[in-house]
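Have a look at the structure below, then the notes.
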Protein chains: 2
Amino acid sequence: MNIKTNRSPLDRETIVARAIEIADEEGVTALTMRSLARRLGYEVMSLYNHIANKGELISLMVDEVAAEVEISSQGPDPLTDVRRMAISMREALVRHPWAPPLWQRELPRAAQVERMEHLLGLLAASTLSPDLAHHGFHAVNNHVLGYTLQELEMTIAIGTESELAAKTQTFLEGLSPEDHPHAIAHIHQHIAGDTSSSFELVLDLILDGLVRLNDE
Amino acid sequence: MNIKTNRSPLDRETIVARAIEIADEEGVTALTMRSLARRLGYEVMSLYNHIANKGELISLMVDEVAAEVEISSQGPDPLTDVRRMAISMREALVRHPWAPPLWQRELPRAAQVERMEHLLGLLAASTLSPDLAHHGFHAVNNHVLGYTLQELEMTIAIGTESELAAKTQTFLEGLSPEDHPHAIAHIHQHIAGDTSSSFELVLDLILDGLVRLNDE
DNA sequence: ACCTGAACACCGTTCAAGT
DNA sequence: ACCTGAACACCGTTCAAGT
């Protein structure tokens, strides 16, 4: 009796879905071909019948996160839709904290291309010049990615997880108030602060700046 | 005769320096404890007499890059110095393309803290409100990091390296002009474009936006 | 105090063999 | 066509032994 029951048939889609589960629950470092196979109820080598290698797996996982980004097109004007997509992208990235560092390591796949195409379309439909639309695409993209990336690192280091919070605490105590007053104040602002409003503040700053530059 | 000649004595400083050499020349993936030991002329295990583990090594390497960022304070006004530091930071990151993805994975070390302290000091000395100074720190930081990160990925994927350029070429050909006109145009803009002027354009957009928001 | 040989517990991946 | 046992070539790291 070789056939194990209670296991779904193996295909790319379910492999990627389980891989995302592991990464969400236990972090990317816990995602190995072996741990993935174990969760699926198959042997490691079976995975290679459906994906070329781990790099392809990760690329597929990232594209699945990209697919969660809302394609917005109902706004009163194109830049409002750009704004909504930026917020939706941040939400998707926060849902999958392992994704930001891997976001653009491979060439974009289907969902990523779709998101990119739509975002560029919105910018082209706006009042922005082609040149500013190009810069705007990257400015928005980088802001979302950079902000989320740093926010997640900060949350990991400072958040309520007692173990790492202690590490940060000893770090903070290592800073002398006379030598590093601003750094100390900055970290305290973080512990008290509301990050998501700060995200939108800078996002609007960028969008407004683009429009202003365009109208000059 | 156990003593090998022609090798510098082992210490943290030279270990980190050689590690950076390997990463610069052959990429981070080529940096293993074994390859590092080989370059130093020692055995692998000797490294552990000077550094705790590979994580600490990488953290030390990143701090060395942070030390290359110019601490600017001669400008006509504080925000000009902020601008200069942002440009200097980008230059340091471009010099060490492996650094951006690792930039804030660990708690900041001495040089990183110094850079942070000075940057925050400049923002505090500017006309910006404490709140906007806080947001400004992250906006500038994220822009530099995000922009450099995406620029480096793009360069790797699109640059003159024939092998990967071909990969991008087939990717481009996979996009149909009727379905993805904007994406195709965007990539062509990249191949032709001047990235470093775009970096400064968005940087100024952010700095001007902060001042404007502050003066409202 | 610093260096190192041997070994351990992992990785991703290949290949030939099974059904 | 898909699954898998055994094996390979790597990792980072530990520990006891050397000097």
Side-chain angles (χ1 to χ4, degrees), chain A residues 1-23 25-63 98 101-102 105-107 163 167, chain B residues 1-23 25-63 98-99 101-102 105-107 167:
Chain A
M1 183 66 92
N2 269 339
I3 299 160
K4 298 184 189 170
T5 56
N6 288 336
R7 62 181 193 183
S8 48
L10 216 46
D11 59 73
R12 273 165 91 98
E13 201 184 332
T14 63
I15 288 175
V16 173
R18 292 297 161 282
I20 290 177
E21 280 178 18
I22 294 175
E25 296 167 11
E26 309 168 42
V28 240
T29 53
L31 174 65
T32 66
M33 297 304 270
R34 284 168 167 84
S35 71
L36 177 54
R38 201 180 314 122
R39 176 172 294 227
L40 287 158
Y42 284 81
E43 298 303 317
V44 201
M45 307 70 74
S46 308
L47 300 172
Y48 289 90
N49 290 312
H50 302 91
I51 55 164
N53 49 44
K54 197 182 182 183
E56 187 180 64
L57 172 65
I58 284 180
S59 167
L60 290 166
M61 290 168 67
V62 168
D63 207 51
W98 47 269
L102 306 170
R105 287 252 267 251
E106 301 275 343
L107 288 173
E163 178 192 10
K167 208 171 144 191
Chain B
M1 182 67 92
N2 270 337
I3 298 159
K4 300 183 188 169
T5 57
N6 286 335
R7 62 181 194 184
S8 49
L10 217 46
D11 59 73
R12 273 165 91 99
E13 201 183 332
T14 61
I15 289 176
V16 173
R18 292 297 161 282
I20 291 177
E21 281 178 18
I22 293 175
E25 295 168 10
E26 308 168 42
V28 240
T29 53
L31 173 65
T32 66
M33 298 302 271
R34 283 167 167 85
S35 70
L36 176 53
R38 200 180 315 122
R39 175 171 296 227
L40 286 157
Y42 285 81
E43 298 303 317
V44 203
M45 308 70 76
S46 309
L47 300 172
Y48 289 91
N49 291 311
H50 301 91
I51 55 164
N53 48 45
K54 198 182 181 181
E56 186 179 66
L57 172 65
I58 285 181
S59 167
L60 290 166
M61 291 168 67
V62 168
D63 208 51
W98 47 268
L102 306 170
R105 286 253 268 252
E106 301 275 343
L107 287 174
K167 207 171 145 193

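Throughout, protein chains are lettered first and strands after them, A, B, ... in sequence-line order, and every chain is numbered starting at 1.
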Point to revise | Touch class at under 4.0 angstrom, heavy-atom based, for Thr32(B) against every strand present | key: sugar-phosphate
Exercise for review: May I ask you to say what Met45(B) touches in the nucleic acid, namely base, sugar-phosphate or nothing, with a heavy-atom cut-off under 4.0 Å?
Suggested key: base
Check your understanding: CG of Asn49(B) versus P of dA17(D): gap in Å, rounded?
Key -> 17 Å
Practice item. Find the distance Arg34(B):CZ to dT13(D):P and express it as a whole number of Å. Key: 11 Å
Check your understanding: If you check every side-chain atom of Tyr48(B), which of dT14(D), dC2(C), dC3(D) has the closest atom?
Key -> dT14(D)
Practice item. Please give the nucleotide sitting opposite dC15(D) as a Watson-Crick or G-U wobble pair, both distances under 3.5 Å, or none. Key: dG5(C)
Revision key, fill the gap. Quick note, Val44(A) side chain, CB onward, closest among dT13(C), dT13(D), dC3(D) is dT13(C)
Exercise for review: In whole angstrom, give the distance that lies between atom CG of Leu57(B) and atom C1' of dT13(D).
Suggested key: 14 Å
Study note, to complete from the structure: Assign each of Ala52(A) and Ser35(A) the nucleotide of DNA chain C bearing its closest heavy atom; nearer the 5' end lies the nucleotide of Ser35(A)
Check your understanding: To the nearest Å, how far apart are Met33(B) CE and dT14(D) P?
Key -> 10 Å
Review point. Could you state the CD-C1' distance from Glu43(B) to dA16(D), rounded to the nearest angstrom?
Key: 17 Å
Point to revise | Rounded distance in Å - CG (Leu47(A)) to C1' (dT14(C)) | key: 14 Å
Review point. Closer to the 5' end of DNA chain D via nearest nucleotide, is it Lys54(B) or His50(A)?
Key: His50(A)
Revision key, fill the gap. Taken to the nearest whole Å, CD1/Ile15(B) to C1'/dC2(C) is 11 Å
Practice item. Determine: side-chain N/O of Ser46(B) to OP1/OP2 of dT4(C), distance under 4.0 Å, yes or no. Key: yes
